[in-house]
Amino acid sequence: MAKRTCICFISLLLIAGTTAVSQDTVTVPLHLKAGFDLSGPIMKMIGSDLTSYGATLSADINSSLAVTAGIRYSTFQTSDYSYDFMSRGTSVAVGPDYNFIKANIAQGKHYAGIGVRYGLSFYSEEATVIRYNNEWGAGESSVPLSKHTGHFLEITPGVRTEIFPGMTIGWNLYLRMLISAGAGKDLKPVWMPGYGAGTSGLTTGAEYYISVTIPYRKIRVIVKPKQKESGDEEELEEGPTQTVTFPTGSGGRL
């Protein structure tokens with residue numbers, strides 16, 4: 001399915017140049033969209049320590065710009081030789097998406113662009129067991145349950161296409177940059193819901209969305225500015241000519 005989606009977008013981009021010159025304006029619908037991320041349940045099915053459910057809401061502002069808000073609930077539980085850790089929480093991320101495909105090609109059905117999000121993670125974490133071994137001997141400790149608010153920035157390029165009216169599929173890559181884990185400089189979470197490994201300043205990944213779209217209005221978009229006729233341009237450039245004649249023997253000079 002991902003291969004077919006990519007082939008569709010490559011074909012659209014190749015024909016964009018020849019189609020754009022055939023019309024001056026185009027009418028495109030603006031949509032409201034609601035999507036669900038399929039990657040979280042799939043990762044859980046193959047045995048991941050992470051359980052994650054994400055959804056997005058989006059509204060088109062014009063033919064190339066939309067505002068998107070995402071919400072995600074995540075739980076993470078893992079056991080290591082040195083600790084047992086658990087975190088859970090809800091994250092929200094809001095920001096604009098820009099579509100690079102021209103309006104007359106996209107027609108409100110296709111998207112290949114990039115988005116920027118500001119994210120907040122409201123989460124709790126605890127380490128029920130922390131095992132240590134040093135020169136004074138071996139032992140165990142724990143970190144009690146605590147609640148925090150983390151901040152991050154997300155850049156997310158992606159593609160999307162309509163499979164039939166009212167339904168689209170697509171995927172997003174994401175690069176997330178940690179602003180603050182909210183747990184103090186020396187106590188970063190093993191996993192921050194909505195962001196990823198809290199011990200890393202950058203995280204990357206991919207999400208695969210299926211979305212329901214509802215058109216709410218139509219707009220006309222200029223795709224080729226009107227050109228002045230060549231005759232008018234030549235007249236403006238050359239301008240009117242004027243001939244000056246001096247009487248014979250006047251001695252005048254031009």
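All of these numbers come straight from a predicted model, not from anything done at the bench. For the numbers below, each heavy atom of this structure counts, side chains included, while hydrogens, waters and symmetry mates do not. When a residue number appears, it is its place in the shown sequence, counting from 1.
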Check your understanding: How about Phe85 and Ser87: do any of their side-chain heavy atoms sit closer than 4.5 Å?
Key -> yes
Check your understanding: Under 3.5 Å, side chain of Asn99 to main-chain N/O of His110, donor-acceptor pair present?
Key -> yes
Below 3.5 Å, can you tabulate the donor-acceptor pairs from side chains in residues 191-203 to any protein atom, sequence neighbours excluded?
residue, atom, partner, partner atom, Å
Tyr195, OH, Leu178, N, 3.4
Tyr195, OH, Ser200, O, 2.8
Tyr195, OH, Gly201, O, 3.0
Tyr195, OH, Leu202, N, 3.3
Ser200, OG, Leu202, N, 3.3
Ser200, OG, Leu202, O, 2.6
Thr203, OG1, Tyr195, O, 3.0

Study note, to complete from the structure: Ala106 and Ile101 have their tightest heavy-atom pair at N-CG2, 3.7 Å
Review point. Measuring from Tyr98:OH to Ile114:CD1, what's the distance to the nearest 0.5 Å?
Key: 12.0 Å
Point to revise | Nearest-0.5 Å distance, CD1 of residue Ile169 to CZ of residue Arg160 | key: 11.5 Å
Point to revise | Fellow cluster residues of Leu57, listed by chain then number, with links counted only when side-chain atoms sit under 4.5 Å apart | key: none
Check your understanding: Among all residues two or more places apart in sequence or in another chain, which pass the side-chain contact (heavy atoms from CB on, under 4.5 Å) test with Asp84?
Key -> Ser79, Thr128, Val129, Arg131
Check your understanding: Linking I/L/V/M/F/W/Y whenever any side-chain heavy atoms sit under 4.5 Å apart, do Trp171 and Val212 land together?
Key -> yes
Point to revise | Tyr216 reachable from Ile219 in the ILVMFWY side-chain graph, under 4.5 Å edges | key: yes
Practice item. Would you check if Val28 and Asn62 make a side-chain contact, meaning some heavy-atom pair closer than 4.5 Å? Key: no
Check your understanding: Can you tell me how far the OG atom of Ser63 sits from the CD1 atom of Ile105, to the nearest 0.5 Å?
Key -> 12.5 Å
Check your understanding: Between Ser121 and Ser91, is any side-chain donor less than 3.5 angstrom from a side-chain acceptor?
Key -> no
Review point. What distance do Thr78 atom OG1 and Tyr83 atom OH have between them, rounded to the nearest 0.5 Å?
Key: 6.0 Å
Check your understanding: Would Ile155 end up clustered with Tyr174 when hydrophobic side chains under 4.5 Å apart are linked, directly or stepwise?
Key -> no
Practice item. Given side-chain contact (heavy atoms from CB on, under 4.5 Å), test Arg88 with Thr51 step by step and report yes or no. Key: CA-CA 9 Å; Arg88 64 169 59 94; Thr51 301; over 6 Å; no
Check your understanding: Can you hop from Leu65 to Val94 via hydrophobic side chains spaced under 4.5 Å?
Key -> no
Check your understanding: Is there a path from Met177 to Tyr123 through hydrophobic residues (I, L, V, M, F, W, Y) whose side chains come within less than 4.5 Å of each other?
Key -> no
Exercise for review: Say whether, by atom type as modelled, one donor and one acceptor occur between the side chain of Thr156 and the main chain of Leu173 under 3.5 angstrom.
Suggested key: yes
Point to revise | Beyond-backbone contact of His151 with Tyr118, side-chain heavy atoms, under 4.5 angstrom | key: yes
Practice item. To the nearest 0.5 angstrom, please state how far the CD atom of Glu125 sits from the OG atom of Ser146. Key: 4.5 Å
Enumerate donor-acceptor pairs with a distance under 3.5 Å from any side-chain N or O in residues 31-43 to protein atoms, sequence neighbours excluded.
residue, atom, partner, partner atom, Å
Lys33, NZ, Asp60, OD1, 2.7
Lys33, NZ, Asp60, OD2, 3.2
Asp37, OD1, Ser39, N, 3.0
Asp37, OD1, Ser39, OG, 2.7
Asp37, OD1, Tyr208, N, 3.1
Asp37, OD2, Ser39, OG, 2.8
Asp37, OD2, Arg72, NH1, 3.3
Asp37, OD2, Arg72, NH2, 3.0

Study note, to complete from the structure: Rounding to 0.5 Å, atoms CG (Leu30) and CD1 (Ile214) come to a distance of 14.0 Å
Exercise for review: Go through the structure and list residues passing salt bridge (Lys or Arg N to Asp or Glu O under 4.0 Å) with Glu162, not counting sequence neighbours.
Suggested key: none
Exercise for review: Only pairs at least two apart or in different chains count here, so list each salt bridge (charged side-chain N to carboxylate O under 4.0 Å, His left out) that has a residue in residues 106-123.
Suggested key: Asp97-Arg117
Practice item. Using atom types as modelled and distance alone, determine if a side-chain donor or acceptor of His148 lies under 3.5 Å from a backbone N or O of Gly182. Key: yes
Point to revise | Closest non-hydrogen atom pair between Val221 and Ala103, with its separation | key: CG1-CB, 3.9 Å
